[in-house]
Undergrad: 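This is the structure, below, for whatever I ask next.
Just the heavy atoms: all of them, side chains too, but no hydrogens, waters or symmetry mates, feed the values below. Quick note on labels: first sequence line is chain A, next is B, and so on, each numbered from 1. Just so it is clear, the model here is predicted, and its values are computed rather than measured.
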There are 2 protein chains.
Amino acid sequence: MPQHSHDTQIDESQPQPLTKDPSCRRRSQRCHQAILSATIELLEEKGYSGVSVEAIAARAGVGKQTIYRWWTCKAGVIMEAYADYAAKSVPMPETGSVKEDLRQILHQLSTILTTTSTGAALAGLIAEAQANPEMADVFREKFVASRRAMTRTILERGIERGELRPDFNMDVAIDVTYGPVWYRLLIKHAPLDETFVEELVTMLMVWMQVQ
Amino acid sequence: MPQHSHDTQIDESQPQPLTKDPSCRRRSQRCHQAILSATIELLEEKGYSGVSVEAIAARAGVGKQTIYRWWTCKAGVIMEAYADYAAKSVPMPETGSVKEDLRQILHQLSTILTTTSTGAALAGLIAEAQANPEMADVFREKFVASRRAMTRTILERGIERGELRPDFNMDVAIDVTYGPVWYRLLIKHAPLDETFVEELVTMLMVWMQVQ
DNA sequence: CAGTAGACGAGACGTTTTGTCTCGTATATA
DNA sequence: TATATACGAGACAAAACGTCTCGTCTACTG
C-alpha cells in the first residue's frame, strides 16, 4: 500500500501537485465537500484576497490541518473548488459554422466570468500564479489548455470544410480569441458584454475566413 | 502652507493616491532615488513576490518609515520605479502607415516586457491590482490608458486618411491589439516574440483596412 | 548666525497570515 | 474487536505589513 505524500517527501522531481493523494479511501467526503463549499461562499462574499485558510476551516467547521493534509496551499483549494465550473462550462459546440461555434464558446465564457464568482476566482488565481510557477503550470493545464484545445479543433474543422483559410497562425488565432477576454477581466477597463463578444467573433472571422 | 497628507486624513473622497505629496521640498532626493533603484534591483534579482518593503529599505540603506512616509504601500513604490520605463517607452510613431505604426508600438512593448524586468513588474502589479481596486485605478491610468489613447489616435488617423474602414469598434480593436500581448505575458503559454507581433498586426489590418 | 521644524536611520511593536506540529477523539477497515 | 489514521482544536514559529517612537541631522527662517 503506498504511503501518503505528506509522510515521505516524494513528488520532488515532478511539478509539485497542489493536492495530495485525493484517492485515499479514508478521506472524509463530508469534510472535502464542506471545504470546497466554504471556499466558494467566502470567495463570493469577500473576494479572492479575502479568503484565508483559517477562514475556510472555520466556515467549514474543520481543522486547519485537514485542509493542509489534502492540499498544499490555498490556491489548490480554490482551483479545485472552481475546477467543476470550468470543466462543466466547456461543452464542445458543433453547429457546423465556425462563427457560431466561436460565438457560443465566448458567450458562455464571458457569461460565467461575469455572472458568477468564477471571474473573481480566476483573476485571483492568475494573480497568484505570477508568484508561483507550479501554480501557473496547474492553472494553464486546468483552466487554459482545454479551452485552447477545443478552439483548435473548431478551427481545424473549419479549415477542413474550406470555411477558413489554411494559412493563418493557429496559436495566434487562439490568443486573439481569448486574450482580449482575459484582458478585460483583469484590467476591468470595459465590460465583458455581448457587444464585445460579437465584435470579437466578427473580427476573427474576417481575418480567418476564405476571402 | 498645506499640511502633509500623512498628518491629517485628507484624500478620503478621491481615489487614494499611492504616493504622498512628492513635491515637498524637504524630501531627500538621495533617499528617493536609492529606494527606486533598490526596488528595481530586487525585482530583477528575486521577482515581484520576492520584493518586501523591509528588503527595499535595507538595500537602499534607508529606514522603513522613510518609505511609508512617501508611499502608501509596496505597490506604489514599484509603480513609481517602473513609471519611467513605461512612459519613456511610448513615443508616438508617425510613419504614415497604420500597419507600420502598430508594428512599432507592439514591437517596442513586447521587447520591453521580455528583455527587462518590466514584464515581471507589470505582471505582479496586475496581480496585486486584483486585490486592491485603488491600485487597479492607478495602474490603468499609469500603464494602460496612455497606450490605449495613443493607439486610438493612430487608428483615427488611419480612418481619416481612408486607410481604415470607419465602422469597426474602436475599443474592441484596441483590446485586440493589447489583449493577446497581456495574455501571453500573464499565462506564459507561448513567447512574446517577433512572429507573434507580426501575425497580430497582420490580423488587425485585415480586419480594419478598407477591403 | 542661531533656532526650529521636520526628514532621516534604526528598530521595537502589534497584527495578520501561512504552514507545521501535537494533542485527544472519532471512525473506518481488517 | 483491534488498530491505524483522519479528524477538530489550537499552540507555535516565521514572515511581512504597517505603525510608532526614539535620537540625529539638515535645511529653512528669523
Side-chain angles (χ1 to χ4, degrees), chain A residues 1-9 16 18-35 38-39 42 46-78 124 128 131-132 134-135, chain B residues 1-9 16 18-35 38-39 42 46-78 124 128 131-132 134-135:
Chain A
M1 184 176 184
Q3 288 215 270
H4 297 140
S5 57
H6 56 286
D7 293 329
T8 58
Q9 301 98 307
Q16 184 192 333
L18 301 178
T19 59
K20 305 177 185 174
D21 192 5
S23 62
C24 173
R25 281 188 302 167
R26 301 198 59 164
R27 181 175 194 178
S28 157
Q29 195 55 36
R30 174 183 61 81
C31 289
H32 191 178
Q33 255 314 307
I35 289 167
T39 302
L42 283 168
K46 315 196 174 186
Y48 188 95
S49 59
V51 177
S52 71
V53 176
E54 267 168 4
I56 294 173
R59 174 71 62 102
V62 143
K64 208 164 33 150
Q65 183 65 348
T66 301
I67 294 177
Y68 283 110
R69 199 188 329 274
W70 302 109
W71 291 278
T72 61
C73 62
K74 183 173 73 176
V77 185
I78 295 177
E128 200 134 335
N132 184 338
E134 282 131 13
M135 256 222 44
Chain B
M1 184 178 183
Q3 288 215 270
H4 297 138
S5 56
H6 56 287
D7 292 329
T8 58
Q9 302 98 306
Q16 182 191 335
L18 301 179
T19 60
K20 305 176 185 174
D21 192 3
S23 61
C24 174
R25 281 187 303 166
R26 302 199 58 166
R27 181 175 196 177
S28 157
Q29 195 56 35
R30 174 183 60 82
C31 290
H32 191 178
Q33 255 314 308
I35 289 167
T39 301
L42 283 169
K46 315 197 173 186
Y48 188 95
S49 59
V51 177
S52 71
V53 176
E54 268 166 1
I56 294 174
R59 174 73 61 103
V62 144
K64 205 161 39 148
Q65 184 67 325
T66 301
I67 294 177
Y68 283 110
R69 201 187 330 272
W70 302 109
W71 292 279
T72 59
C73 61
K74 183 175 71 175
V77 184
I78 295 178
E128 199 134 338
N132 185 338
E134 281 132 13
M135 256 223 42

Undergrad: With the side chain of B:Arg69 defined as its heavy atoms from C-beta on, choose the nearest nucleotide among C:dC8, C:dT27, C:dT17.
TA: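 The nucleotide sitting nearest to the side chain is C:dC8.
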Undergrad: Give a yes/no answer on whether the side chain of B:Thr66 brings an N or O atom under 4.0 Å of OP1 or OP2 in C:dG9.
TA: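 For C:dG9, OP1 or OP2 has a side-chain N or O of B:Thr66 closer than 4.0 Å.
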Undergrad: Which distance, rounded to the nearest 0.5 Å, do you find between the NZ of A:Lys20 and the CZ of A:Arg69?
TA: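 Going from the NZ atom of A:Lys20 to the CZ atom of A:Arg69 covers 9.5 Å.
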Undergrad: Please compare B:Lys64 and B:Arg30 by the position of their nearest nucleotide in DNA chain C and report the one closer to 5'.
TA: B:Arg30
Undergrad: How many angstroms lie between atom NE2 of B:His32 and atom CH2 of B:Trp70, to the nearest 0.5 angstrom?
TA: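 With rounding to 0.5 Å, NE2 (B:His32) is 9.5 Å from CH2 (B:Trp70).
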Undergrad: Which nucleotide, D:dG18, D:dC7, C:dA7, lies nearest any side-chain atom of A:Arg27?
TA: D:dC7
Undergrad: Measure the distance from NE2 on B:His32 to P on C:dC8 and round it to the nearest whole Å.
TA: 11 Å
Undergrad: CD of B:Glu54 versus C1' of D:dT19: gap in Å, rounded?
TA: 12 Å
Undergrad: Would you say the side chain of A:Arg26 and the base of C:dT27 hold a donor-acceptor pair, judged only by whether the two atoms sit under 3.5 Å apart?
TA: yes
Undergrad: Using heavy atoms to find the nearest nucleotide of DNA chain C for A:Gln65 and B:Val62 separately, return the residue whose nucleotide is more 5′.
TA: B:Val62
Undergrad: With rounding to the nearest 0.5 angstrom, report the OG1 to CH2 distance, A:Thr39 to A:Trp71.
TA: 7.0 Å
Undergrad: Locate the shortest heavy-atom distance separating B:Met135 from B:Leu18; write the atom from each residue and the value.
TA: CG-CD1, 3.9 Å
Undergrad: Look at the side-chain N and O atoms of B:Trp70 and state whether any lies under 4.0 Å from the OP1 or OP2 oxygen of C:dC8.
TA: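 Yes, such a contact exists.
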Undergrad: Looking at D:dA6, D:dA16, C:dT18, which one has an atom nearest to any side-chain atom of A:Ser52?
TA: C:dT18
Undergrad: In whole Å, what is the span from the CD atom of A:Glu128 to the C1' atom of C:dT17?
TA: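 Between C1' of C:dT17 and CD of A:Glu128: 12 Å.
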Undergrad: Determine: side-chain N/O of A:Lys74 to OP1/OP2 of C:dT18, distance under 4.0 Å, yes or no.
TA: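 Answer yes for this pair, as a side-chain N or O of A:Lys74 is under 4.0 Å from OP1 or OP2.
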